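Contents: one structure, followed by commentary.
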Number of protein chains: 2
Amino acid sequence: MTPLSNSIDHLTQTFRESGLRVTHQRLEIYRELMEARDHPTAEQLYRRLRGRIPTLSLDTVYRTLTTLVTHGMVKRLETVESQARFDTTRQRHHHIICKRCNEIMDFHWPLLDETPLPGEVDSWGRLDGVNVVVYGVCARCLAGDAQPT
Amino acid sequence: MTPLSNSIDHLTQTFRESGLRVTHQRLEIYRELMEARDHPTAEQLYRRLRGRIPTLSLDTVYRTLTTLVTHGMVKRLETVESQARFDTTRQRHHHIICKRCNEIMDFHWPLLDETPLPGEVDSWGRLDGVNVVVYGVCARCLAGDAQPT
DNA sequence: ATCTTTGCAAACGGTTTGCATACAG
DNA sequence: CTGTATGCAAACCGTTTGCAAAGAT
């Protein structure tokens with residue numbers, strides 16, 4: 001847990017290394033995102049943080065997330081929903097999304113990581129990452145109702 | 001090419017089977033999307049079609065795409081860009097996206113299609129599709145400039 | 001004749017931006 | 001002190017929606 005520690009000291013250092021000033025808002029936004037397991041939207045983060053930082057504004061959450069994305073500390077997930085979702089850049093992992101409730105679960109797929117990409121992809125340019133997105137309907141939604149997808 | 005023929009007759013039948021009225025606009029929007037190889041945005045489709053259908057409105061393009069997505073004839077791609085991109089539902093394939101120019105290339109990966117998903121995913125619920133997205137910078141962008149990503 | 005689809009224009013909603021103040025370095 | 005970050009409010013822009021006219025069945 002050390003390399004991704006959410007201690008104030010560690011976060012402070014991480015920001016400094018990126019040449020970013022260390023502000024209370026940034027620390028808390030990043031920390032909240034690290035601890036969240038649900039790929040929150042900017043607004044969800046905002047609501048969760050308002051209790052702790054009553055003067056926080058939604059724009060700051062957006063601006064901070066954009067800044068952290070630019071510096072590679074946060075990943076903006078591609079999603080079909082209208083709102084963007086965010087994730088701290090941690091260990092390589094993939095996503096499975098429920099079409100009904102939009103919940104995103106992480107999973108690991110070591111077998112895929114070993115599978116070589118097709119040649120046409122290798123020659124396409126510089127590759128930065130392979131991401132798998134599985135779509136479906138989660139067990140909870142399947143149990144909860146009987147509506148068609 | 002027969003099953004995905006872009007002939008008027010075939011498209012007409014496809015719409016009828018979905019209980020959709022067959023309009024000039026729908027035929028042309030769907031046909032344009034089928035022939036496009038670049039996963040166009042609604043606005044790109046609109047601009048390409050305006051020559052042929054001068055009275056076409058952008059709203060109709062949006063509405064038609066939404067309708068076709070609902071009926072499973074079109075897929076809305078998840079993308080980090082602000083504008084949505086669309087694709088006709090054809091053979092299973094994956095996407096590679098250039099972070100710089102946002103161009104999306106299709107590729108096939110038979111090896112992956114044979115690789116079993118991890119057990120935790122199988123037990124998650126009902127799975128509808130596995131989609132791989134590779135990120136990187138395409139050769140053209142790499143050649144064209146030397147800016148950092 | 002009936003009911004869906006279209007075009008227009010206006011609304012919507014998530015995100016971004018300009019500006020003055022607050023604050024980190 | 002200097003310059004970046006924040007909060008506020010307003011703008012932005014892709015997308016959606018209400019309505020009357022046009023068109024498909």
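Quick caveat: nothing in here was measured; it's all calculated off a predicted structure. Throughout, protein chains are lettered first and strands after them, A, B, ... in sequence-line order, and every chain is numbered starting at 1. Values below: every heavy atom of this structure, side chains too, minus hydrogens, waters and symmetry copies.
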Nearest-nucleotide pick for [X], side chain only, options being [options]:
X     : options               : value
A:Q25 : D:dT6, C:dG25, D:dT25 : D:dT6
A:S57 : D:dC8, D:dG3, D:dT17  : D:dC8
A:Q83 : C:dG14, D:dA9, C:dC8  : C:dG14

Please give, in whole Å, the distance from [N] [atom2] to [X] [atom1]?
X     : N      : atom1 : atom2 : value
B:L65 : C:dT6  : CG    : C1'   : 15 Å
B:R63 : D:dG14 : CZ    : C1'   : 15 Å
B:Y46 : C:dC8  : OH    : C1'   : 11 Å
B:L11 : D:dA24 : CG    : P     : 16 Å
B:R26 : C:dT4  : CZ    : C1'   : 8 Å
B:L58 : C:dT6  : CG    : C1'   : 13 Å
A:R47 : C:dG14 : CZ    : P     : 10 Å
A:L56 : C:dA22 : CG    : P     : 17 Å

### Query
So what does A:T55 hit on the nucleic acid, given a heavy-atom distance under 4.0 Å: a base, only sugar-phosphate, or nothing?
sugar-phosphate

### Task
Could you tell me whether the side chain of B:R21 has a donor or acceptor atom within less than 3.5 Å of a complementary atom in the base of C:dC3?
yes

### Message
Once rounded to the nearest 0.5 Å, what's the spacing between atom OG1 of A:T41 and atom CZ of A:R47?
### Response
6.5 Å

### Task
Look at the side-chain N and O atoms of B:T67 and state whether any lies under 4.0 Å from the OP1 or OP2 oxygen of C:dT5.
no

### Query
Do any side-chain nitrogens or oxygens of A:T60 fall under 4.0 Å of OP1 or OP2 in D:dA5?
no

### Query
Is the charged tip of A:R26 near the ring of A:Y30: under 6.0 Å from the six-membered ring centre and within 45° of its axis?
no

### Message
Applying side-chain hydrogen bond (donor to acceptor under 3.5 Å, both in side chains) to B:T64 and B:T67, what does each step give before you reach the verdict?
### Response
CA-CA 5 Å; B:T64 301; B:T67 304; 5.8 Å; no

### Query
Of A:S82 and B:I53, whose closest DNA chain C nucleotide lies nearer the 5' terminus?
B:I53

### Query
5'-most contact on DNA chain C: B:L20 or B:D59, nearest heavy atom basis?
B:L20

### Residues forming a ring pair (Phe, Tyr, Trp, His ring centres under 6.0 Å) with B:H95, sequence neighbours excluded
B:H39, B:H93

### Message
Do A:R21 and A:T23 pair up side chain to side chain, a donor and an acceptor below 3.5 Å, judged on atom types alone?
### Response
no

### Message
By nearest heavy atom, map B:T66 and B:T23 onto DNA chain D; which one lands nearer the 5' end?
### Response
B:T66

